[in-house]
Undergrad: 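Starting off with a structure, shown below.
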There are 2 protein chains.
Amino acid sequence: MVTIKDIARTLGVSVGTVSKALNGRDDVGDELRARIIDTARELRYEPDPIARRLVTKRSRTLGVFMLDRQGFGVRRNFGWLFLDGILRGAAARDYDLVLFSNTDDTRYERSYIDICRSRRVDAAIIVGLRGDDRYLEDVLNAPIPVALIDTEVSGGTATFVSSDNKAGAALALEHLAFLGHEKVATLRAPFSYPGRLRYEAWAEFAAARGRYRDDYIRDGDFTPESGMAAAAAFASMKDMPTAIFAASDLMAIGLIRGFERLGVRVPEDVSIVGFDDIPNADLVGPALTTVAQDTLGIGQAALDAVLDELDSGSRREEILVAPRLVVRRSCAAPGGAPDFLPEGSPAASRGVRRTP
Amino acid sequence: MVTIKDIARTLGVSVGTVSKALNGRDDVGDELRARIIDTARELRYEPDPIARRLVTKRSRTLGVFMLDRQGFGVRRNFGWLFLDGILRGAAARDYDLVLFSNTDDTRYERSYIDICRSRRVDAAIIVGLRGDDRYLEDVLNAPIPVALIDTEVSGGTATFVSSDNKAGAALALEHLAFLGHEKVATLRAPFSYPGRLRYEAWAEFAAARGRYRDDYIRDGDFTPESGMAAAAAFASMKDMPTAIFAASDLMAIGLIRGFERLGVRVPEDVSIVGFDDIPNADLVGPALTTVAQDTLGIGQAALDAVLDELDSGSRREEILVAPRLVVRRSCAAPGGAPDFLPEGSPAASRGVRRTP
DNA sequence: CTCTCTGTCGAAAACGTTTTCGATTCCAGC
DNA sequence: GCTGGAATCGAAAACGTTTTCGACAGAGAG
């Protein structure tokens, strides 16, 4: 390992000067600086990040916590996809990422912030923090910049980044309206914060059109099973809706499976639109039309938030990133052909994407 | 931040003694050691990992590279699952994980091993390395322990860890045989190494039963589209197989979608079994029966491999971890009811798992 | 010519550990 | 009483940087 001393020795200068030259300080002569840079390159010198951290007290690393909600967020959902966005952002700004997870109990007898402290990370991004987490207090009062992704809590000094749930739901509802649906129901998940927002969008949309009906509301818990149950409930109605907006893909797929079992066809008899765009949502029965969370954008936004706070000290309360409607095959005009998709959909102007 | 000096000062001893006491050296008195440990706890002292690394030259961190094969491994959310296993193993052995990805081009103008060197990580785990990677040479001659996951290359000093593909395929084929299938075809992916192994298992199985037929072999490329094409080809045969073993879930789902379009029912008319157990494979049309890769086990095995090599210097060429058959609804007895699953399946004795 | 200022460089401390080596004490054994 | 060794502790170097401060030269101003 070639150190700064080696290049100091070969040039007959002091290590301090080498350090200053390499770091672009202005108190070193142009000619000498050039020679230092040359031999540094020649010797294939790379500064030791460890030694640098020891003196600068900044580690240029940030901790990422992937919190496992008993397999809910991580295994089938897209928790990992956020990581992709974080990763790209970190690479672009030359930060390192150290990864933690709370699946192992022995290690997480300590608060996440405590772990950050002991690992000397500059900032933290936590994905999947729940409102009843036992370390919630610590997180909200953290002495370092913290960004929260895919979480249901609010308040405190952390910055929250999530999809713009109401705008996303509006995208889906506008698409259904454009297809000609008047009787659109919702399968909501009112126990969660994003679930409530998505429902509110539905309620406002329905009310604005004079189409609000209490019996077009069913409650689920984000599981496919609750979707199947809701399908049975909807199918037994005398005035069945022609379209259903589900608060999550998992429930939307549950609806599809439920209707399938009951012999009602999707999308011929009823259109279904989900929310999330979980992995392989394009492969389930009729490929799912859904509003896709911009997981990459969310991850990058979270990273930028903590790093900006680190640099400038300016903290942002909340960051909403726009989702995108991706139309596939689970929605059609009421009674129309499944492939019908008129040009000029209002959703199209906002970045609709069509995939096979 | 309370340092080792604080402890030394409050106790009136030297820092060296404190360090030795805390690290369990034997040249410090029992009574003094007890007092040191007490005040360390009292002062909430935590050793600074940065300073420690500087002197010990071991960072207790390892680099993980998630290589993106243009969205193939990563976006479908398979690669990330390995990370979960790696994470748990690292937590158990008190190592930190720094994460890299090659999605950002600017950062990866350098070899992965070069990055490890500059980041001073002790070992590396690379998931998704391709045989035509431009840094392949560097990886195979790396001066640090390296484990390769989900890769198609071999040779060199790295240790390869993957599913036992032949055993897994055998699991699926035995299950089909037990259900009563005599005419089982395969949709293979011969361009990839695991694909070839899975095919070989089919060929051996078929040959052993005198059921080998060239026209029961179709080739795909791991995409759902190739599965749909194969479905059309199989459906047009005069002597159509009653079961198909697909070399991947994506192709298996493609088969299902293709048959669905042609009006042949799964599993009533043809049984289909896949390989991988990708996320949400239980939600596609008929829930997919498949052989599940033990992603957790693979990740942990990779981690143990590099860490053991670090500790003892003993390297392992290859590690095969056993997959598991998970039976759902895409397989049935030929002409039988979809829910038929006889007791005492031979696969059951090897850890078959049944999920709704 | 002297004084001050600017530009350029080196010396040294500092960051928080670990580890080596030597010093000191104490006690057993002769 | 002296020697030898074991037990216990401290001093100091070392790891590879960054940063502060002072030294020195030269130049420009008075």
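Naming convention: chains lettered A, B, ... in sequence-line order (proteins, then strands); numbering from 1 in each chain.
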Undergrad: Salt bridge check, R44(B) against E42(B): does any charged N sit closer than 4.0 Å to a carboxylate O?
TA: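 No, no charged N to carboxylate O under 4.0 Å.
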Undergrad: Measure from NZ on K20(B) to P on dT17(C) and round the result to the nearest Å.
TA: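 Interatomic distance, NZ of K20(B) to P of dT17(C): 16 Å.
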Undergrad: Regarding R9(A) and D6(A), does a basic nitrogen lie under 4.0 Å from an acidic carboxylate oxygen?
TA: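 Looking at D6(A) together with R9(A), the answer is yes, because their closest N to O distance falls below 4.0 Å.
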Undergrad: Working to the nearest 0.5 angstrom, can you tell me the gap between D150(B) CG and I298(B) CD1?
TA: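 Rounded to the nearest 0.5 Å, the CG-CD1 separation comes out at 8.0 Å.
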Undergrad: Taking any heavy-atom pair under 4.0 Å as a contact, classify S19(B): base, sugar-phosphate, or nothing.
TA: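 Since a base atom lies under 4.0 Å of S19(B), the category is base.
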Undergrad: T56(B) has a side chain; which of dT18(C), dT18(D), dG10(D) sits nearest to it?
TA: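 Closest of the options to the side chain of T56(B): dT18(C).
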Undergrad: For R25(B), is there an ion pair with D27(B) - N to carboxylate O distance below 4.0 angstrom?
TA: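 Salt bridge flag = no for R25(B) with D27(B).
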Undergrad: Please report, rounded to the nearest Å, how far the P atom of dT17(D) is from the CG atom of L54(B).
TA: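 L54(B) atom CG is separated from dT17(D) atom P by 9 Å.
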Undergrad: Salt-bridged, D84(A) to R88(A), with N to O below 4.0 Å?
TA: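 Answer for the salt bridge query: yes.
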Undergrad: Taking only the side-chain nitrogens and oxygens of S14(A), find out if one of them lies under 4.0 Å from OP1 or OP2 of dC9(C).
TA: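 No, S14(A) has no side-chain N/O under 4.0 Å of OP1/OP2 on dC9(C).
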Undergrad: What are the residues of residues 37-48 of chain B, sorted by number, that bring a heavy atom to within less than 4.0 Å of DNA chain C?
TA: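 Those residues whose heavy atoms fall under 4.0 Å from DNA chain C, taken from residues 37-48 of chain B in numerical order, are Y45(B), E46(B), P47(B), D48(B).
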Undergrad: Looking at R119(B) and D96(A), does any basic side-chain N land under 4.0 Å from a carboxylate oxygen?
TA: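 Yes, this pair counts.
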Undergrad: Would you indicate which nucleotide in dG16(D), dG16(C), dT8(C) comes nearest to any side-chain atom of D27(A)?
TA: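 Taking heavy atoms from C-beta onward, the closest nucleotide is dT8(C).
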Undergrad: Verify the contact: side-chain N or O of K5(A) to OP1 or OP2 of dC15(D), cut-off strictly under 4.0 Å; return yes or no.
TA: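 Checking K5(A) against dC15(D): at least one side-chain N or O falls below 4.0 Å of OP1 or OP2.
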Undergrad: May I ask you to check whether over 12 heavy atoms, not counting those of R316(B), lie within 6.0 Å of atom CZ?
TA: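 No - once you tally the heavy atoms of other residues, nucleotides and ligands closer than 6.0 Å, there are 12 at most.
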Undergrad: Please give, in whole Å, the distance from dA14(D) P to R52(B) CZ?
TA: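 It works out to 22 Å between those atoms.
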Undergrad: With sugar-phosphate meaning primed atoms plus P, OP1 and OP2, does R25(A) contact a base, only sugar-phosphate, or nothing at under 4.0 Å between heavy atoms?
TA: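 R25(A): backbone/sugar contact only, no base atoms under 4.0 Å.
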Undergrad: For D114(A) and Y135(A), which I'm curious about, is there any donor-acceptor pair between the side chains at under 3.5 Å?
TA: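 Result is no, nothing qualifies.
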Undergrad: Which part of the nucleic acid does G16(A) contact within heavy-atom distance under 4.0 Å: base, sugar-phosphate only, or nothing?
TA: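 Answer is base: heavy atoms of G16(A) come under 4.0 Å of a base.
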Undergrad: Angle between the end axes of the helix from dC1(C)-dG30(D) to dC30(C)-dG1(D), five pairs per end, to the nearest 10 degrees?
TA: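 Comparing the first five pairs with the last five, the axes sit 60° apart.
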Undergrad: In whole Å, I'd like the distance from the CZ atom of R120(B) to the C1' atom of dC15(D).
TA: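 These atoms are roughly 12 Å apart.
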Undergrad: Need one value for L32(A): base, sugar-phosphate or nothing, where a base atom within 4.0 Å counts as base even if backbone is also close, heavy atoms only.
TA: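 It contacts sugar-phosphate atoms only.
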Undergrad: Between R35(A) (CZ) and dT8(C) (P), how many Å, whole number?
TA: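 Rounded to the whole Å, the gap is 14 Å.
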Undergrad: Thinking salt bridges, do D26(A) and K20(A) make one under a 4.0 Å N-O criterion?
TA: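 Salt bridge between D26(A) and K20(A), a charged N being under 4.0 Å from a carboxylate O: no.
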Undergrad: With distance as the sole criterion, do the side chain of K57(B) and the base of dG16(D) form a donor-acceptor contact below 3.5 Å?
TA: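 Result: no qualifying N/O pair found.
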Undergrad: Please answer whether the main-chain N or O of D308(A) pairs with a side-chain N or O of S312(A) as donor and acceptor at a distance below 3.5 Å.
TA: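 Checking the backbone N and O of D308(A) against the side chain of S312(A), a donor-acceptor pair under 3.5 Å is found.
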Undergrad: Start at the 5' end of DNA chain D and walk down; is the nucleotide closest to V55(A) or to D30(B) reached first?
TA: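 Nearest-nucleotide comparison on DNA chain D picks D30(B).
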Undergrad: Taking the side chain of A51(A) as its heavy atoms from C-beta onward, which of dG10(D), dT19(D), dT17(D) lies nearest to it?
TA: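 For the A51(A) side chain, the nearest candidate turns out to be dT17(D).
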Undergrad: Please report, rounded to the nearest Å, how far the C1' atom of dC15(C) is from the CZ atom of R58(A).
TA: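 Atom-to-atom, R58(A) to dC15(C), this comes out as 16 Å.
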Undergrad: Let me know the distance between CD1 of I50(A) and P of dG16(C), rounded to the nearest Å.
TA: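 Atom CD1 in I50(A) sits about 15 Å away from atom P in dG16(C).
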Undergrad: Rounded to the nearest Å, what distance is computed from the CD1 atom of residue I4(B) to the P atom of nucleotide dC15(C)?
TA: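 Computing the I4(B):CD1 to dC15(C):P distance gives 14 Å.
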Undergrad: Between T3(A) and dG16(D), does any side-chain N or O lie under 4.0 Å from OP1 or OP2?
TA: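 No, no such contact exists.
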